[in-house]
Amino acid sequence: MTITGTKVRKPKYHAYNLHNYLEIPQVKKLPPEYREAIEIVGNVLPFKTNNYVIDHLIDWKRVPDDPMFVLTFPQKDMLTPGPFDEMAHALTQPRETIRATANRIRLTLNPHPAGQLDHNVPLFNGERLHGMQHKYRETILFFPGNGQTCHAYCSFCFRWPQFVGMHDLKFASRESQKLIEYLQAHPEINDVLFTGGDPMIMKVNHLKEYIEPLLNSNLPSLKRIRIGTKALSYWPYRFFQDDDSKELLKLFRSVTKAGKHLAIMAHFNHPVELSTPAVRRAIKALRGVGAEIRTQSPILRNINDDADAWATMWNEQVNLGCIPYYMFVVRDTGAQHFFGISLVKAWQLFRDAYQRVSGLSRTVRGPSLSTNPGKVQILGVSEIRGEKAITMRFLQGRNPDWVQRPFFAKYDEQATWLNELRPFDGEKFFFEDELERFYRENLNTPTSEDFE
Ligand code: SF4
């Protein structure tokens with residue numbers, strides 16, 4: 001690459017984790033207690049960052065409060081005091097004790113929320129297709145075996161068990177042939193969503209192994225290929241400057257040329273992620289091959305619980321040609337006590353931000369909870385017979401008939417998840433009996449965790 005005759009070196013990806021983070025010059029200057037917290041919490045929750053995040057996204061003058069620092073570096077309060085002290089003590093013990101303590105703590109952090117591990121794995125010809133999830137009629141999720149890591153890890157990630165070596169809790173598949181057979185047998189599926197980890201971590205040759213068979217098989221019902229990724233934020237060079245970027249764009253072009261909609265489900269948590277020349281160039285490159293970029297993020301205390309940040313994000317996304325898509329409520333897993341905010345507060349922030357943007361940004365939906373029965377949107381606080389109520393609806397449901405039916409819960413300012421809400425009238429929400437029947441008929445018996 002040459003700029004006005006001067007050679008500029010290509011940025012080369014360099015990952016940092018617990019083994020080498022002390023080499024980061026900015027980290028060396030941090031007070032010792034921050035480094036100690038990284039060490040202790042980083043032994044329980046996943047930790048990985050990279051040179052782009054460090055040099056372009058984190059404002060080191062604002063550390064420890066900088067949102068991108070909080071997003072990618074473990075913080076003391078991400079563990080409650082008991083487990084923090086337990087882990088601190090374990091670090092003085094042999095390796096086996098460290099591992100056992102970390103795993104014990106991890107299991108208390110609800111590693112697989114919303115029944116992901118069992119309830120959505122499809123059964124096909126008597127075989128469970130691990131590495132796939134079919135929860136909503138039209139969409140199947142596929143977890144490519146080579147895409148189960150990311151360019152950096154988000155400290156709130158609900159897929160965190162996949163990154164900390166808890167292999168029993170990992171789902172991934174290398175079997176694109178099984179995916180094709182399943183799609184052929186299920187013409188109601190129109191969308192395949194590649195997810196991870198981050199599928200964009202894969203070299204193009206691996207990605208081709210999954211995408212090309214979809215294009216070359218006879219799958220008239222497959223209309224849309226979606227790729228869930230945070231690479232635009234964590235390593236935007238992936239789309240224009242990595243060794244195989246050109247080939248990658250060619251592959252994406254082949255999807256749109258084949259008449260399939262290519263949707264990049266881009267994950268942005270903070271406006272700063274949209275501010276660098278590299279992300280802007282990457283967005284342009286993707287749009288140039290006909291991809292649509294839809295954006296999503298959870299609302300996170302200590303990172304983006306601020307209406308201004310959301311309004312800025314949505315506006316900037318529209319300016320860059322992206323489509324604001326979802327504001328999620330952070331899942332009840334990992335360090336939820338650190339990131340979680342109440343449903344009522346999330347709705348107030350959503351509303352506040354939504355009121356500040358033009359109609360073009362109002363494609364966004366939220367705040368939305370990905371629960372076991374479906375995607376539930378908090379519509380707001382209303383009054384019924386003189387009593388406050390929380391109004392919700394399904395944006396997606398295990399039963400498509402549940403979608404768009406308003407339903408009500410007793411007002412609760414503290415609740416952070418659906419299972420903490422009580423129906424406004426009666427003992428159960430309208431979908432609960434059917435959900436229980438679903439578990440009985442399809443899979444194992446429901447647990448108290450299932451109604452999340
Ligand atoms: S990029 Fe996505 S999958 Fe990877 S750590 Fe962040 S939230 Fe999790």
Side-chain angles (χ1 to χ4, degrees), residues 13 15-18 21 41-42 44-50 52-54 57-58 67-75 78 106 109-114 116-117 131 133 141-166 169-173 193-202 226-239 263-270 272-274 279 282 293-304 313 325-336 338-340 368-370:
Y13 175 75
Y16 293 98
N17 53 32
L18 266 194
Y21 75 100
V41 179
V44 178
L45 297 172
F47 167 42
K48 174 159 105 177
T49 187
N50 70 51
Y52 173 77
V53 176
I54 284 162
L57 299 185
I58 295 176
M68 296 307 295
F69 179 73
V70 177
L71 183 62
T72 51
F73 280 82
Q75 311 287 313
M78 288 178 185
R106 286 167 184 156
L109 299 174
N110 190 20
H112 267 290
Q116 286 194 80
L117 206 57
Q133 291 183 7
L141 273 63
F142 186 81
F143 296 76
N146 296 313
Q148 297 309 307
T149 180
C150 309
H151 291 98
Y153 291 148
C154 309
S155 38
F156 67 84
C157 180
F158 72 93
R159 298 217 168 119
W160 60 272
Q162 309 196 151
F163 310 136
V164 292
M166 298 180 86
L169 301 182
K170 185 164 174 165
F171 31 73
S173 176
L193 167 57
F194 287 97
T195 184
D198 191 331
M200 294 317 307
I201 199 89
M202 282 190 279
R226 308 191 206 176
I227 300 179
T229 181
K230 197 165 165 68
L232 278 168
S233 166
Y234 281 160
W235 190 251
Y237 307 115
R238 180 74 196 92
F239 301 100
I264 303 297
M265 314 308 290
H267 177 179
F268 291 110
N269 304 119
H270 192 272
V272 75
E273 295 163 275
L274 295 153
V279 68
I293 303 169
R294 289 180 174 75
T295 60
Q296 53 195 17
S297 166
I299 183 160
L300 302 153
R301 198 156 59 82
N302 296 309
I303 290 185
N304 63 18
M313 259 204 295
Y325 190 49
Y326 268 119
M327 175 203 271
F328 287 113
V329 175
V330 67
R331 291 201 183 184
D332 53 343
T333 180
Q336 199 220 15
F338 180 85
F339 291 114
S368 165
L369 295 79
S370 289

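Counting starts at 1 for both ligands and their atoms, following the listed order.
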Is atom 6 (Fe) of ligand 1 less than 2.8 Å from an N/O/S atom of Cys154, whether that atom is in the backbone or a side chain?
-> yes

Under 4.0 Å to a heavy atom of [X] - the qualifying atoms of ligand 1, by number:
X      : value
Cys157 : 3 (S), 5 (S), 7 (S), 8 (Fe)
Cys150 : 1 (S), 3 (S), 4 (Fe), 5 (S)
His267 : 2 (Fe), 7 (S)
Lys230 : 1 (S)

Between CD of Glu273 and OG of Ser297, what distance do you get to the nearest 0.5 Å?
-> 7.5 Å

Going through the checks in order, is the ring-ring contact (aromatic ring centres under 6.0 Å, His included) test met by Phe73 and Phe47?
-> CA-CA 7 Å; Phe73 280 82; Phe47 167 42; 5.2 Å; yes

Trp235 and Tyr237 aromatic ring geometry - parallel, tilted or perpendicular at 30°/60° bounds |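 Taking Trp235 first and then Tyr237, their aromatic rings stand perpendicular (interplane angle over 60°).
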
Would you say Gly197 contacts ligand 1, with heavy atoms under 4.0 Å as the rule?
-> yes

Verify the distance criterion only: is there a donor paired with an acceptor across the side chains of Thr229 and Asp198 at less than 3.5 Å?
->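 Present: a donor and an acceptor within the cut-off.
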
Have a look at His151 and tell me which of Tyr16, Tyr13, Phe239 forms a ring-ring contact (aromatic ring centres under 6.0 Å, His included) with it.
->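 Among the candidates, only Tyr13 passes.
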
